[in-house]
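When a ligand or atom number is given, it counts from 1 through the structure's own listing order.
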Amino acid sequence: MFATVLLLLVTLCAQGGNGKEEQEAQRLGHVSVVIVGGTGDLAKKYLWQGFFQLYTNQVSSGNTFSFYGGGLSPADQAIPVFFEILKGVSCNKDVPVERCALLKEQFLRLAQYRQLKTPEDYQDLAKHIEQQLKEEGMVEAGRLFYLSVPAFAYADIADKVNSSCRPASGVWLRVVLEKPFGHDFRSAQILASQLGNSLKDEEMYRIDHYLGKQVVSKILPFRIQNKKFLDPIWNKYHIERVEIVLKETLDAKGRIPFYDQYGVIRDVLQNHLTEVMTLLTMRLPVNQSSNEEVLRNKLKIFRSLQPLGKNQAVIGQYQAYNNEVQEELNKTKEYLSLTPTFAAVMAHIDMAQYDGVPVVLISGKKLDERVGYARVLFKNDIFCVQNHNSVHCKPKQVIFYFGHGSLQYPAILVTKNLFKPVVMDGEWKEVTEHKDVSVLGLPISDYYVQAPTVQREAYSELIAQIFSGRKDSFISAEHLLASWGLWTPLLDSLSSSYPRIYPGGADNANLLDFRLRGKEISYANEAVVIIAPDQMGGPSTDGFQVMQGKYRSADMVSAWTEELVERLAADVQAAAEAAVSEGGTFHLALSGGSTPLALFHRLALYHFSFPWRDTHVWMVDERCVPLTESESNFRNVHDHLLQHVRIPYYNIHPMPVQLNQRLCVEEDGGALLYEREVNKLVNGSSFHFVLLGVGYDGHTASLFPGGKVDGHGDSLVAFTESPAKPHQRMSLTLGAINRAHKVAVLVMGKGKHELITQLSRVKDNPDKWPVTGIRPANGRLVWYIDYDALLG
Ligand SMILES: *[C@@H]1O[C@H](CO)[C@@H](O)[C@H](O)[C@H]1NC(C)=O
Ligand SMILES: *[C@@H]1O[C@H](CO)[C@@H](O)[C@H](O)[C@H]1NC(C)=O
Ligand SMILES: *[C@@H]1O[C@H](CO)[C@@H](O)[C@H](O)[C@H]1NC(C)=O
Ligand SMILES: *[C@@H]1O[C@H](CO)[C@@H](O)[C@H](O)[C@H]1NC(C)=O
């Protein structure tokens, strides 16, 4: 009872705190700014400049400030370096020289260096702040900690801030963090939960500095203000493709210890380019000033992105990189780093609006020029019979130009054959005088161009937003995990791929050109890859052949994974064509789990002539969860196969595991219902093709060892129990499987080698090894086993 009341009180207080957030942001008083890592590179290049900018903008607002540069070095060593950095800050052009000198002098007087290493150092800092407030009779407004340190130090510092430097209640605390936020989904999750022990979510500001870039922050406003022009064309019928590009000329030298663990995908694509992608494609918020709605709409894009795999990426590495790694990481000459320094990834968004529109994210080091932009290229459906140079025959595009490159300044460009855009409010102007340059294939005079009147550094913009408590340009924990959820499977699948080696700069010529074909991306030119023979690992290239043989006295097909999957896909298609030509329909029963995913992708992406219109899809088994849950086998088949092919809805037969608003209750008769449907539609209740897998314990479908697998009598469908969660399942029985015309058992991966060896020796014993109960009465059983599983 008391516990409940207490809990309620705590909740109420917490909510009260949130509600005050807006007012707190405005509340006047003293603000302490602490840059942990205050003499580091980032602080030197951007952060102190950003805070000086903040100071000059706020100097007459009534707020007062102190600035602390924190570092691990003792004060006597660090102070000269620290003040050297601070002296480098500069004023906006419009500030008169004397005023600027005065502001700088004041800023320097308000700043001090402190060693921040031990818990005592943080306690001393807090004492110092409180003492100063008391001595000068100031009211405190807030404390801002900017952690400009390697990510591994975040949790520890956040803990020290929480235990010693939390201000009194009513005073805000904001802690700013920079990427990397983790290395993959799991590490990001761990980091988020560690930080969550010390800081509340609203206290954390995860920076992606790209979101502070002037053009990037105008993508949504541009889309909103030009809605009436964009609405009719912002869709699959008009967009040819979207490109988001960040090219660098620099290499990774000096940053290798960091870079080699991350590579270009984690460094740039997972964060900056992904953010831009969501801004370009998300649904426009109804209420522009609602952070929550913007974030919600961004998250929907993540949910709609099709999974990324090996075939959606090409990777490269500049030639000198490996030597740099050997040197900086002190490795031997044999050491080979596979870290990509170039990547192009093609994403697809599974929404009717963008169906089939490729979104290409490209970034690399040591390329021909330094430039960043996002381009939306439209289809041009005008066919020019004679005058090919007339403007309406030229490419139509909207370009968000982040900077550098041929144009040299940030701008938004719209080709004149599209529409004349509204000029952004607030410090933007139309540019009509320009040098004779061309931008992405068109002379600048073919565009309407608008640019900011004053160029601002991203960090200054973001620091101003942190100060005013605005969070829409920062990354929430949920959003971060969604992004890692997208990228982690791709990173895993690329972890042992060899990047294409490129010489760097103009010499790359067309070596990195790639081709988009359907849902896949590949390099356009064959490259001769030179790898010393002793560095060759894995399957040799002449091993790609399909082997036929016998396994457990049934037929077996074996090959390397990719060939095996293609062979199985071809066999399914052949069975489908035969069945359709004979009786007009093909009845296919599919398993869940991860093994058949490769087959589903193969069928969806390569087998365009598959007779889906005449195919009925049945389920071999189902878990007792709602069909919409990620654990559901049907959901799996739906997401990876059905939604990508043109199969009539009434040919799809999920198992009825949910009836009367409950899951798999015997008396609801779900199993019987499915059996009746099979009897009604499938001639002789004999499926043409049943696809099965086999588990480590020898289970197949949802028929588990010790589950009286043979005891289902004549029934075709039964409820079963799994030793793993969720325990309840619905499954075709051995009786149903053994009536089929063809049964395929697909087994892949080194992990199944033990099982395959064991199964080759045991006698039929369905109670112990359910898969051994498969003996089609009038049909054919074929094992499809990849070399990894067969040979270990
Ligand atoms: C901060 O530290 C206190 C103990 O000093 C702890 O009770 C609290 O849960 C910590 N975390 C947050 C988010 O306040
Ligand atoms: C829009 O969102 C802001 C911030 O959440 C809120 O204060 C405002 O009332 C909203 N406006 C409308 C029309 O809902
Ligand atoms: C580099 O490796 C050598 C030999 O393994 C070792 O003696 C040396 O201390 C290492 N240097 C650094 C900077 O790690
Ligand atoms: C149904 O199956 C029987 C027995 O295999 C076969 O003779 C008959 O032609 C089939 N009917 C159709 C419509 O396929």
Got a sec, which pairs hit salt bridge (Lys or Arg N to Asp or Glu O under 4.0 Å) with one end in residues 458-469, sequence neighbours left out?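 Passing the test, one end in residues 458-469: Arg456-Glu461.
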Contact list for residues 175-187, test salt bridge (Lys or Arg N to Asp or Glu O under 4.0 Å), sequence neighbours left out: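 Sorted result for residues 175-187: Lys179-Asp267.
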Can you tell me if Arg166 contacts ligand 1 (heavy atom of the residue under 4.0 Å from the ligand)?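 The answer is yes, since Arg166 has a heavy atom less than 4.0 Å from ligand 1.
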Those residues at least two apart in sequence (or on a different chain) that pass side-chain contact (heavy atoms from CB on, under 4.5 Å) with Ile224 are Leu284, Pro285, Gln288
Taking atom CG of Asn287 as the centre, report whether more than 12 heavy atoms of other residues, nucleotides or ligands fall under 6.0 Å from it.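 More than 12 heavy atoms, drawn from other residues, nucleotides or ligands, come within 6.0 Å of this atom.
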Taking atom CG of Asn778 as the centre, report whether more than 12 heavy atoms of other residues, nucleotides or ligands fall under 6.0 Å from it. no
Tabulated below should be the N or O atoms of ligand 2 paired with protein N or O atoms at under 3.5 Å; can you produce that?
residue, atom, partner, partner atom, Å
ligand 2, 2 (O), Asn287, OD1, 3.4
ligand 2, 2 (O), Asn287, ND2, 2.3
ligand 2, 11 (N), Asn287, ND2, 2.8
ligand 2, 14 (O), Asn287, ND2, 3.4

Output the list of atoms in ligand 1 that are nearer than 4.0 Å to some heavy atom of Ser198, sorted by atom number.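 Matching atoms, with element in brackets: 11 (N), 12 (C), 13 (C).
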So is there a nitrogen or oxygen of Asn197 less than 3.5 Å from a nitrogen or oxygen in ligand 1?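 N/O-N/O distance below 3.5 Å exists for this pair.
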Hydrogens and angles aside, do Gln115 and Asp121 bring a side-chain donor and acceptor to less than 3.5 Å of each other? no
Could you check Leu177, Leu462, Asn271 and say which one makes a side-chain contact (heavy atoms from CB on, under 4.5 Å) with Ile207?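 Passing option: Leu462.
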